[in-house]
> 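Pasting a structure here, questions to come.
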Amino acid sequence: MKEKKPVEEKGFTELPNVDGDVVLRFAPNPSGPLHIGHSRAVILNNEYVKRYGGKLILRVEDTDPRRVDPEAYHMMEEDLKWMGVEWQEKYIQSDRMEIYYEYAEKLIELGQAYMCTCNGADFKTLKDQAKPCPCRETSPEASMKLWKEMPEMDEGEAVLRVKTDITHKNPAIRDWVAMRVVNYEHPRTGNKYKIYPMMNFSVTVDDHLMGVTHVLRGKDHLANSEKQSYMYNHFGWKIPEFIHYGRLKMEDVALSTSKAREGIDNGQYLGWDDPRLGTIRAIARRGIKPEAIKELIMEIGPKISDAVVSWKKIYGLNRQILEETSNRYFLVDNPTRVIIENLPESEQKLVERPLHPDHPERGMRKLMIEPELYLTMEDITKTGENGVIRLMDGINLCFDNGKTIYHSSDLEDAKKAKAMIVQWVPVNDAIEAEIMMPDATLKKGFIEKSASKLLVDDVVQLERIGFARVDEVTYTKIRFYFAHK
RNA sequence: GCUCCGUUGGUGUAGUCCGGCCAAUCAUUUCGGCCUUUCGAGCCGAAGACUCGGGUUCGAAUCCCGGACGGAGCACCA
């Protein structure tokens with residue numbers, strides 16, 4: 001038995017200022033299914049909760065009705081479950097509108113938020129010069145009055161702003177928007193609400209109310225963390241630890257949800273689980289195991305610099321898992337049917353090969369050497385007219401003028417002739433098979449009979465081809481999704 | 001342009017806070033060899049890095065200054 005490698009912790013460093021249990025949250029915007037870029041936040045949060053104890057909150061941030069895909073709510077949960085993530089509490093922000101209104105009013109009363117009726121461009125001009133707009137002087141009473149009138153307003157007529165420091169050296173931080181009017185039907189709440197909180201506002205209220213101790217978020221939120229700090233201070237709330245991780249980029253994969261959606265809509269991609277996409281469901285369908293993703297993220301950790309991950313890296317991690325669990329089968333792709341002219345009766349024998357070379361206890365596969373066999377076209381071509389080819393655990397063949405001729409049966413003969421040793425499938429009981437490749441091309445061929453026992457989601461190693469996940473099994477055909485070599 | 005942040009082999013990481021034990025860790029990758037009737041695994045070996053320039057210091061990957069490169073933000077998105 002091989003020893004299982006210990007889980008490398010590497011970049012998975014300690015969280016700062018942990019005092020007992022931690023409360024963490026994963027807070028996605030429901031705009032589509034999760035992709036591998038999300039896995040950094042997902043895995044890190046989940047693993048830190050496991051390490052320190054405490055709880056993980058799933059919070060769906062759907063406060064922009066225009067950016068909500070109703071399908072995403074359940075797709076995201078499916079993806080999280082596939083990744084083995086367990087959350088103890090779940091909130092949906094569109095259920096919490098009244099809470100946000102309540103805190104907006106409190107902030108107005110504190111004089112730390114004001115209704116601003118400037119148009120965006122005017123405000124920006126002033127802001128960029130570190131000058132307050134006239135609305136900043138609005139009294140809490142007057143702001144409150146305007147706030148109450150806000151549901152009657154149109155988009156853009158007024159916003160609620162949180163006071164920060166109008167001279168802050170980073171213009172992005174200056175007096176940010178907390179609430180705005182949105183005239184758009186929300187997939188969950190319909191037209192019940194017109195005033196929606198901005199992410200910075202709802203996040204701050206929720207993180208405080210939910211007792212979040214550590215906020216793990218992408219470094220694109222660096223400025224937001226600073227914006228939010230002002231609001232924490234206005235309320236006298238304790239600021240959680242903010243940890244910003246860098247972006248996770250995948251080689252050759254467009255991760256953006258909007259681009260994927262576009263491609264799906266125009267028929268370029270097969271769906272959210274198209275093998276070319278970087279979505280969690282696409283990766284899952286290809287037979288990548290959640291443990292491989294977890295190990296990847298654990299190695300990268302929560303550091304702020306970006307990480308560029310190659311598929312090879314993921315394949316390597318996945319292979320360590322699959323190698324142990326995957327049974328072996330012969331599949332012949334791009335098949336050519338050969339008829340062996342002079343196959344001796346004595347050589348028409350049963351060949352047995354283990355399902356897994358390291359685990360004989362899993363049993364054997366049985367294939368009959370018969371005159372009619374499928375071989376891969378490329379193997380025949382490479383062998384050529386003068387070469388010898390060996391059927392794995394079987395016999396040696398050569399080709400002459402388009403004919404296939406029995407050569408010998410001893411392995412030594414094959415070695416002497418420098419024969420390729422190839423997989424083969426008897427025509428007699430071959431099962432039709434196809435493999436969906438990572439570039440979404442389809443390979444067709446035949447697989448040996450013993451594969452008929454395979455079940456959907458099994459991952460096997462197709463000898464000399466690579467690892468593949470069983471995607472669909474029918475009476476006449478087995479479809480695989482290719483994982484990697 | 002402005003504001004912030006980052007930069008260790010092909011890739012990912014350790015080390016950077018608290019300078020010396022770092023001629024730099026581990027993994028993956030690539031290339032050899034052994035083993036093996038596939039691939040993979042295993043074993044052995046090899047390749048390959050501190051962004052650059054100054055400064056401080058007896059001594060710098062580590063501290064300071066400057067440049068380069070890269071990234072993020074500069075929304076009534078999250």
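Hydrogens, waters and symmetry mates are skipped; everything else that's a heavy atom, side chains included, is used. Letters go in sequence order (proteins before strands), and every chain restarts at 1.
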> Select base, sugar-phosphate, or nothing to describe what A:Ile300 touches, counting heavy atoms under 4.0 Å on all strands.
sugar-phosphate

> Taking only side-chain nitrogens and oxygens of A:Arg353, does any of them come within less than 4.0 Å of OP1 or OP2 of B:C39?
no

> Compare side-chain N and O positions of A:Gln320 against OP1 and OP2 of B:U28 and report whether any pair is under 4.0 Å apart.
yes

> Quiz question: by atom type and distance under 3.5 Å, do the side chains of A:Glu378 and A:Thr376 form a donor-acceptor pair?
no

> Do the ring centers of A:Phe12 and A:Tyr48 come within less than 6.0 Å of each other?
yes

> Taking the side chain as every heavy atom from C-beta outward, state whether A:Arg25 and A:Asp207 have any atom pair closer than 4.5 Å.
yes

> Show me, range against range, the stems involving RNA chain B, built from at least 3 consecutive Watson-Crick or G-U pairs below 3.5 Å.
B:1-7 with B:68-74, B:10-12 with B:26-28, B:29-34 with B:42-47, B:51-55 with B:63-67

> Are the charged groups of A:Glu105 and A:Lys148 less than 4.0 angstrom apart, N to O?
yes

> Is A:Arg51 salt-bridged to A:Glu14, going by a charged N under 4.0 Å from an acidic O?
yes

> From B:A41, B:C4, B:U38, pick the nucleotide closest to the side chain of A:Lys169?
B:C4

> Among side-chain atoms of A:Arg328 and A:His356, is any donor-acceptor pair under 3.5 angstrom?
yes

> Going by atom types alone, do A:Tyr184 and A:Asp64 pair a side-chain donor with an acceptor below 3.5 Å?
no

> With rounding to whole Å, what would you report as the distance between B:U11 and B:G73 at their C1' atoms?
27 Å

> Return the nearest nucleotide to the side chain of A:Glu463; candidates are B:U37, B:U13, B:U38.
B:U38

> With rounding to the closest Å, how many angstrom separate the C1' atoms on B:U16 and B:U8?
10 Å

> Quick one: A:Ile297 CD1 to B:U13 C1', roughly how many Å, whole number?
13 Å

> May I ask you to say whether A:Lys124 pairs ionically with A:Asp128, meaning some side-chain N is under 4.0 Å from a carboxylate O?
yes

> Taking only nitrogen or oxygen atoms into account, show me every contact under 3.5 Å that the protein makes with nucleotides 49-52 of chain B, one pair per line with its distance.
none

> Do A:Asp358 and B:G40 have a side chain to base donor-acceptor pair shorter than 3.5 Å?
yes

> Contact class for A:Lys303 vs. all strands (heavy atom < 4.0 Å): base, sugar-phosphate, or nothing?
sugar-phosphate

> What distance, rounded to whole Å, do you find between the two P atoms, one in B:G19 and one in B:G10?
29 Å

> Within the 4.5 Å heavy-atom criterion, are A:Met83 and A:Ser39 side-chain neighbours or not?
yes

> Please tell me which of the listed nucleotides, B:G6, B:A27, B:A41, lies nearest to the side chain of A:Glu299?
B:A27

> Provide the distance between the two P atoms, one in B:U37 and one in B:A49, to the nearest whole Å.
39 Å

> If the sugar-phosphate is the primed atoms plus P, OP1 and OP2 and the base is the rest, what is the B/S/- string for nucleotides 69-78 of chain B, using protein heavy atoms under 4.0 Å?
--SSSSSBBB

> Between the side chains of A:His359 and A:Glu324, is a donor N or O closer than 3.5 angstrom to an acceptor N or O?
yes

